[in-house]
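Letters go in sequence order (proteins before strands), and every chain restarts at 1.
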Amino acid sequence: MVTIKDIANAANVSPSTVSRVISGNSRISVATQEKVKKIMADFNYQPNHAARTLITKKSKTIGIIQKQGDKATRQNPFIIEVLSGVYIECKYHDYATISTTGEQTSEIIAEVKHLIQSHAVEGFILLYSKENDEIANLLKQHAIPYVVIGKPINNENVVHIDNDNILASQLLTRYLIDLGHKTFLFLAEMGDYEVVKDRIKGYKQTLKVANLKPSIMFTDLSRQQIINHLKALVTENALPTIIITSDTMLNQLVLSALYELNITIPEDIQTATFNDSYISAYAAPPQTAVDIQPQLLGKAAGESIIKLVKDSHIEYMNKIIPTHIINRCSTKKF
DNA sequence: ACCGTCATGGGCTATGTCAC
DNA sequence: GTGACATAGCCCATGACGGT
């Protein structure tokens with residue numbers, strides 16, 4: 001491994017001179033700067049991250065905390081898109097990222113504690129918003145800066161990056177009513193997540209105004225549970241004309257269940273989902289979806305946490321990322 | 001203005017010292 | 001001889017300070 005000493009020896013200068021060249025210190029002559037830079041390039045020198053962290057006490061790393069869930073939850077396109085936004089923004093500011101991998105809350109807590117105690121990260125991004133969250137409480141206890149992708153729960157000094165999920169749900173529901181739908185089913189994942197609460201709220205409000213009955217089903221993402229529920233609705237002749245899902249993965253389960261029950265979209269039933277992704281676009285048939293712009297959510301979160309770790313006196317401003325409906329073949333006018 | 005010397009940081013390993 | 005504990009030294013980059 002090439003170190004700053006090797007560069008110094010090759011350039012016939014001291015290590016501190018090389019250090020100054022790296023940090024752009026103006027006290028170094030242009031000639032020396034050019035000489036050192038050429039040797040660094042020739043040697044393919046890369047600064048030692050551990051040594052730099054040791055002296056600066058800055059790891060230049062942002063921790064990303066994912067909500068509890070199995071591998072499939074972490075591979076959700078929404079998460080991947082958000083992470084991509086965070087990576088892009090952090091990389092732009094020369095920050096690295098590290099993400100939790102635990103499936104259970106206890107595992108995630110252990111990971112976060114380790115990251116805090118080993119000074120491995122300067123701040124965190126929480127990819128979810130949840131009431132009485134143990135992990136958020138842990139970060140507060142340790143006074144670690146963090147931002148949340150999700151809805152603010154209390155009036156705390158925490159930056160939140162969010163969509164207006166109530167409005168998004170109102171607009172989607174209104175759009176579906178305008179297509180001629182009168183019987184609705186909202187399928188939502190279980191858990192105490194604020195995003196789901198808001199989407200259901202917007203859905204209920206809009207149906208109430210239209211004098212229509214809101215039907216809601218919570219699921220633990222079990223395909224068999226969804227099949228059983230849909231079978232029961234068919235038996236009772238109570239199949240809705242539209243199924244809205246709170247997430248694209250749930251939407252995929254619904255498509256799979258409908259296929260098994262030989263119910264076709266959009267002829268027998270129509271479908272629409274939140275969290276648009278390439279999966280919604282490539283589904284059969286392509287799904288009408290609400291694009292919540294996850295990459296922008298990630299980028300905004302990355303920008304905010306880096307501002308926060310660099311200057312703890314910033315203004316705690318929440319950011320709302322706009323959403324829009326993408327109309328595809330899974331819905332049509334009656 | 002320019003550049004070198006040296007102390008510094010936390011964690012780890014190697015070495016030394018002591019008691020049993 | 002062995003184990004427990006203490007101390008020294010190393011890793012690497014940074015920055016205060018000082019010399020030319």
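- A cation-pi arrangement is found for Lys67(A) relative to Tyr193(A), the charged atom lying closer than 6.0 Å to the ring centre and inside a 45° cone about the ring normal.
- Rounded to a whole Å, the NZ atom of Lys35(A) is 14 Å from the P atom of dC2(B).
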Which pairs, protein N/O on one side and nucleotides 14-18 of chain C N/O on the other, fall under 3.5 Å?
{"unit_1": "dT14(C)", "atom_1": "OP1", "unit_2": "Arg52(A)", "atom_2": "NE", "d": "2.9"}
{"unit_1": "dT14(C)", "atom_1": "OP1", "unit_2": "Arg52(A)", "atom_2": "NH2", "d": "3.2"}
{"unit_1": "dT14(C)", "atom_1": "OP2", "unit_2": "Ser19(A)", "atom_2": "OG", "d": "3.0"}
{"unit_1": "dA16(C)", "atom_1": "N6", "unit_2": "Arg20(A)", "atom_2": "NH2", "d": "2.9"}
{"unit_1": "dC17(C)", "atom_1": "N4", "unit_2": "Arg27(A)", "atom_2": "NH2", "d": "3.1"}
{"unit_1": "dG18(C)", "atom_1": "O6", "unit_2": "Arg27(A)", "atom_2": "NH1", "d": "3.2"}

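- When rounded to the nearest whole Å, the span between CD of Gln33(A) and P of dC2(B) equals 9 Å.
- For the pair Asp198(A) and Lys151(A), the salt-bridge criterion is met [side-chain N within less than 4.0 Å of a carboxylate O].
- Not one side-chain nitrogen or oxygen of Thr17(A) sits closer than 4.0 Å to the OP1 or OP2 atom of dC3(B).
- Distances shorter than 4.0 Å separate none of the side-chain N or O atoms of Thr32(A) from OP1 or OP2 on dC2(B).
- For Tyr203(A), the ring pair (Phe, Tyr, Trp, His ring centres under 6.0 Å) partners two or more places apart in sequence, or in a different chain, are Phe186(A).
- The side chain of Ser29(A) contributes an N or O atom lying less than 4.0 Å from OP1 or OP2 of dC3(B).
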ask   = Given Thr273(A) and Val290(A), is the side chain to side chain contact (heavy atoms under 4.5 Å, CB included) satisfied, shown in steps?
value = CA-CA 6 Å; Thr273(A) 188; Val290(A) 177; over 6 Å; no

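- Grouped with Met249(A) in one hydrophobic cluster are Tyr278(A), Ile279(A), Tyr282(A), the linkage being side-chain heavy-atom contacts under 4.5 Å among Ile, Leu, Val, Met, Phe, Trp and Tyr residues.
- Comment: Lys197(A) engages Glu131(A) in a salt bridge, judged by a side-chain N to carboxylate O separation of less than 4.0 angstrom.
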